Amino acid sequence: KATKKQVKVKKFLIDCTDPVDDDIFDIASFEKFLNAKIKIDGRTGVFGDNLTISREGSSIHVTCKIKFSKRYLKYLTKKFLKKQMLRDYIRVIARTHDS
């Protein structure tokens with residue numbers, strides 16, 4: 001007797017409004033960075049229908065159907081800021097439970 005697990009969809013929001021408005025942060029390159037660096041089952045860039053990354057204005061929406069942590073997104077955001085040499089000037093904080 002096999003039981004199916006209920007798939008719970010998690011949604012995360014990365015709001016980059018202030019840095020994008022000040023022209024110090026490129027949202028398109030950040031989206032490209034996330035697509036290239038997020039690992040699922042030890043493989044990068046192969047999401048299938050488990051994870052979607054979309055950009056709306058100056059924010060990025062990450063929707064996942066598998067176990068995925070907000071802490072990992074925060075880690076990747078900090079890694080991107082360090083790569084762009086902006087880590088000393090921009091602080092990554094969570095405004096709400098899912099952002």
Side-chain angles (χ1 to χ4, degrees):
K1 193 177 188 182
T3 59
K4 292 185 179 181
K5 286 187 177 183
Q6 188 75 7
V7 177
K8 187 172 182 180
V9 176
K10 281 188 170 182
K11 296 180 182 179
F12 299 103
L13 170 70
I14 302 174
D15 186 17
C16 307
T17 304
D18 294 334
V20 169
D21 289 345
D22 294 338
D23 291 330
I24 58 173
F25 192 85
D26 184 22
I27 195 78
S29 63
F30 181 50
E31 181 186 19
K32 186 178 176 183
F33 176 83
L34 287 178
N35 279 317
K37 295 289 183 177
I38 289 181
K39 283 187 179 180
I40 296 178
D41 295 330
R43 295 168 49 188
T44 58
V46 182
F47 304 142
D49 60 346
N50 293 328
L51 188 116
T52 57
I53 299 172
S54 62
R55 176 176 31 135
E56 292 180 15
S58 60
S59 62
I60 292 181
H61 296 276
V62 179
T63 307
C64 53
K65 297 179 184 175
I66 58 173
K67 186 177 177 183
F68 196 77
S69 69
K70 179 173 82 172
R71 184 80 186 150
Y72 184 53
L73 282 177
K74 189 172 183 178
Y75 163 75
L76 287 174
T77 304
K78 288 180 179 182
K79 191 172 182 177
F80 176 78
L81 290 174
K82 183 72 173 177
K83 183 179 173 186
Q84 301 292 321
M85 292 181 269
L86 295 171
R87 181 72 178 96
D88 296 333
Y89 309 108
I90 298 176
R91 184 171 173 211
V92 180
I93 59 170
R95 291 185 180 171
T96 61
H97 181 68
D98 62 343
S99 69

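Both backbone and side-chain heavy atoms feed into the values below; hydrogens, waters and symmetry mates do not. One-based numbering along the sequence shown. No experiment lies behind these values; they were computed from the predicted model shown.
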Query raised in the report: Tell me, do Ile53 and Ile38 make a side-chain contact under 4.5 Å, heavy atoms counted?
Result: yes
**Report entry** Pairwise salt bridge (Lys or Arg N to Asp or Glu O under 4.0 Å) hits with a residue in residues 65-74, at least two apart
**Finding:** none
Report task. Take Ile40 and Phe47, measure what side chain to side chain contact (heavy atoms under 4.5 Å, CB included) needs, and give me the verdict at the end. Result -> CA-CA 7 Å; Ile40 296 178; Phe47 304 142; 3.8 Å; yes
Query - Transitive ILVMFWY side-chain link Leu73 to Val46, under 4.5 Å - result: no
Query raised in the report: Can you tell me how far the CG atom of Asp26 sits from the SG atom of Cys16, to the nearest 0.5 Å?
Result: 10.5 Å
Query raised in the report: Would a 4.5 Å heavy-atom cut-off, applied to side chains only, mark Tyr75 and Ser69 as touching?
Result: no
Query - same_hphob_cluster(Ile27, Val62) at 4.5 Å side-chain heavy-atom cutoff - result: yes
Query - Value rounded to 0.5 Å, distance of CZ in Arg91 from NZ in Lys78 - result: 9.0 Å
**Report entry** From SG (Cys64) to NZ (Lys8), nearest 0.5 Å
**Finding:** 11.0 Å
Query raised in the report: Honestly curious: do Val92 and Ile24 fall in one hydrophobic cluster under the side-chain, below-4.5 Å linking rule?
Result: yes
Query raised in the report: Does CG belonging to Asp41 count more than 12 external heavy atoms closer than 6.0 Å?
Result: no
Query raised in the report: Is it the case that one hydrophobic cluster holds both Phe68 and Leu13, taking links as side-chain heavy atoms less than 4.5 Å apart, direct or via other members?
Result: no
**Report entry** Closest approach of Ala28 to Arg55 (non-hydrogen atoms, all atoms of both residues)
**Finding:** CB-NH1, 3.8 Å
Query raised in the report: Quick check: are there more than 12 heavy atoms from other residues, nucleotides or ligands sitting under 6.0 Å from OH of Tyr72?
Result: yes
**Report entry** Distance-minimising heavy-atom pair for Ser58 and Thr17
**Finding:** OG-OG1, 3.3 Å
Requested in this report: For this output row, return yes or no: ring centroids of Phe80 and Phe25 closer than 6.0 angstrom.
Outcome: yes
Query raised in the report: So His61 and Lys11, side chain to side chain contact (heavy atoms under 4.5 Å, CB included) or not? Walk me through it.
Result: CA-CA 7 Å; His61 296 276; Lys11 296 180 182 179; over 6 Å; no
Requested in this report: Would you indicate whether the side-chain heavy atoms of Ile66 and Leu51 approach each other to under 4.5 Å?
Outcome: no
Query raised in the report: Taking it one step at a time, do Phe30 and Thr77 satisfy side chain to side chain contact (heavy atoms under 4.5 Å, CB included)?
Result: CA-CA 8 Å; Phe30 181 50; Thr77 304; 3.5 Å; yes
Query raised in the report: Can you name the nearest heavy-atom pair linking Pro19 to Ile90, along with the distance?
Result: CB-CD1, 4.1 Å
